[in-house]
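Notes follow once the structure below has been shown.
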Amino acid sequence: MSRIDTVEELRRVAVHVIARARVAETGRFSLRVTPGGFGTPEFGDALRRVRVAGEHLVVEQDPPGGAAFHQAPLVGSSLADLATVAGVDLGAPLDVGHDTPPLGDPDAPLVVDPGVLAETADWYAVVEAATTAIAAGVDADAAPTLPRLWPEHFDVAIEVDAREGRRANLGGSPGDGFSAEPYLYVGPWTDERPGDDGYWDAPFGATRLRSALGADPVADAVAFFEEGLARLRD
């Protein structure tokens with residue numbers, strides 16, 4: 001089993017269980033980096049949150065007088081098992097964009113490597129910390145968004161204006177069809193690629209592999225993002 005196999009299984013959980021829970025009540029599907037993994041923000045009158053924490057799916061709620069907590073292991077569970085814990089209907093229509101992964105066999109046990117689970121959570125924490133630092137450091141007129149995890153792509157990203165007319169996505173993926181290794185990216189919304197062509201190494205912009213980061217990966221990620229924004233400001 002490759003690490004990407006686990007990443008793809010987690011993406012199915014993110015879309016078909018976790019995002020589905022939020023969509024059913026709010027119509028919105030973006031997720032957040034949460035302790036030990038990823039999940040929804042609090043939503044609904046019950047203040048529910050559905051998330052992956054370590055090796056478990058966790059469902060919690062905290063309305064006045066009705067706090068509750070449930071969990072189920074990812075290893076050995078099927079999507080159908082997790083859907084039951086999360087209270088979602090896998091048969092309901094769902095669309096989180098053109099990259100929505102297929103449901104697959106909802107009764108098949110998930111194939112998940114606990115080591116890759118931990119690596120993915122650690123990587124998301126790095127990307128969230130770096131994108132938060134960028135969002136906090138730019139002027140308000142750059143209109144930065146909060147870091148969000150987009151379940152269909154399974155990446156964590158913000159949007160920010162480098163300057164008027166040049167908006168970009170800054171984020172990180174745990175691995176996908178472009179790269180099996182986790183990577184950072186700067187993705188301009190236009191076809192402009194200012195400055196040295198060597199920086200822009202991908203069809204969608206610029207990338208930096210996790211293995212290219214040093215002992216302080218958050219600081220290195222911030223520097224990578226800042227370089228991209230500086231080029232787009234020229």
Pair listing, side-chain hydrogen bond (donor to acceptor under 3.5 Å, both in side chains) test, anchored in residues 15-36, at least two apart: H16-R20, R22-S30, S30-R32
Derivation of the side-chain contact (heavy atoms from CB on, under 4.5 Å) call for D155 and L149: CA-CA 5 Å; D155 59 350; L149 190 154; over 6 Å; no
N/O donor-acceptor pair under 3.5 Å between D161 side chain and R163 backbone: no
Worked verdict on E42 versus R48 for salt bridge (Lys or Arg N to Asp or Glu O under 4.0 Å): CA-CA 5 Å; E42 290 184 346; R48 295 185 74 217; over 6 Å; no
Within-4.5 Å side-chain heavy-atom neighbours: D122 and V126: no
Minimal non-hydrogen separation, I4 against G175, with atom names: CD1-C, 3.6 Å
More than 12 heavy atoms of other groups within 6.0 Å of D234 CG: yes
Contact summary for G66 and Q61, nearest pair of heavy atoms: O-NE2, 3.5 Å
Short side-chain to backbone donor-acceptor contact, R208 and L184, under 3.5 Å: no
N-O pairing of R12 and E8 below 4.0 Å: no
Side chain to side chain, R167 and T190, heavy atoms closer than 4.5 Å: no
Minimum heavy-atom distance R193-P203, with the two atoms named: NH2-O, 3.5 Å
Reported CG-to-CD1 distance for the pair L146 and I158, which is rounded to 0.5 angstrom: 9.5 Å
Same apolar cluster (I L V M F W Y, side chains within < 4.5 Å links), V7/L57: yes
Backbone N/O of A219 and side chain of D216: donor-acceptor pair under 3.5 Å: yes
Stepwise side-chain contact (heavy atoms from CB on, under 4.5 Å) test for V52 and F38: CA-CA 5 Å; V52 164; F38 57 91; 3.7 Å; yes
Taking only distance into account, with no hydrogens and no angle test, what donor-acceptor pairs under 3.5 Å do side-chain atoms of residues 102-112 form with protein atoms, sequence neighbours excluded?
residue : atom : partner : partner atom : Å
D105    : OD1  : D107    : N            : 2.9

Worked verdict on D81 versus T84 for side chain to side chain donor-acceptor pair (under 3.5 Å): CA-CA 5 Å; D81 295 331; T84 297; 5.8 Å; no
Where W200 and P188 come nearest, the two heavy atoms and their spacing: CZ3-CG, 3.7 Å
Transitive ILVMFWY cluster of V96, excluding itself - 4.5 Å side-chain cut-off: V15, V23, F29, L94, W150
N/O donor-acceptor pair under 3.5 Å between E181 side chain and S211 backbone: yes
Residues that, via side-chain heavy atoms closer than 4.5 angstrom, fall in one hydrophobic cluster with Y185: F178, Y183, F204, L209
Joint cluster assignment, V218 & V127, ILVMFWY side-chain distance < 4.5 Å: yes
Nearest atoms (heavy-atom pairs only) where A83 meets L90: CB-CG, 3.7 Å
side-chain contact (heavy atoms from CB on, under 4.5 Å) evaluation trace for Q71 with V59: CA-CA 6 Å; Q71 69 175 24; V59 180; over 6 Å; no
Chi angles and distances behind the side-chain contact (heavy atoms from CB on, under 4.5 Å) call for I18, T40: CA-CA 7 Å; I18 298 177; T40 66; 3.7 Å; yes
Short side-chain to backbone donor-acceptor contact, T145 and E159, under 3.5 Å: yes
Any donor-acceptor N/O pair, R166 side chain to L232 backbone, under 3.5 Å: yes
Single-linkage hydrophobic cluster L213~F225, side-chain heavy atoms < 4.5 angstrom: yes
Euclidean distance, H56 NE2 relative to L74 CG, rounded to 0.5 Å: 8.0 Å
Pairwise salt bridge (Lys or Arg N to Asp or Glu O under 4.0 Å) hits with a residue in residues 55-70, at least two apart: R49-E60, R51-E60
Linked, directly or transitively: V186 and V138 (ILVMFWY side chains, under 4.5 Å): yes
Short side-chain donor-acceptor distance under 3.5 Å, T6 and D113: no
Set of ring pair (Phe, Tyr, Trp, His ring centres under 6.0 Å) partners for Y199, sequence neighbours left out: F224
Closest contact, heavy atoms only, A86 versus V50: CB-CG1, 4.2 Å
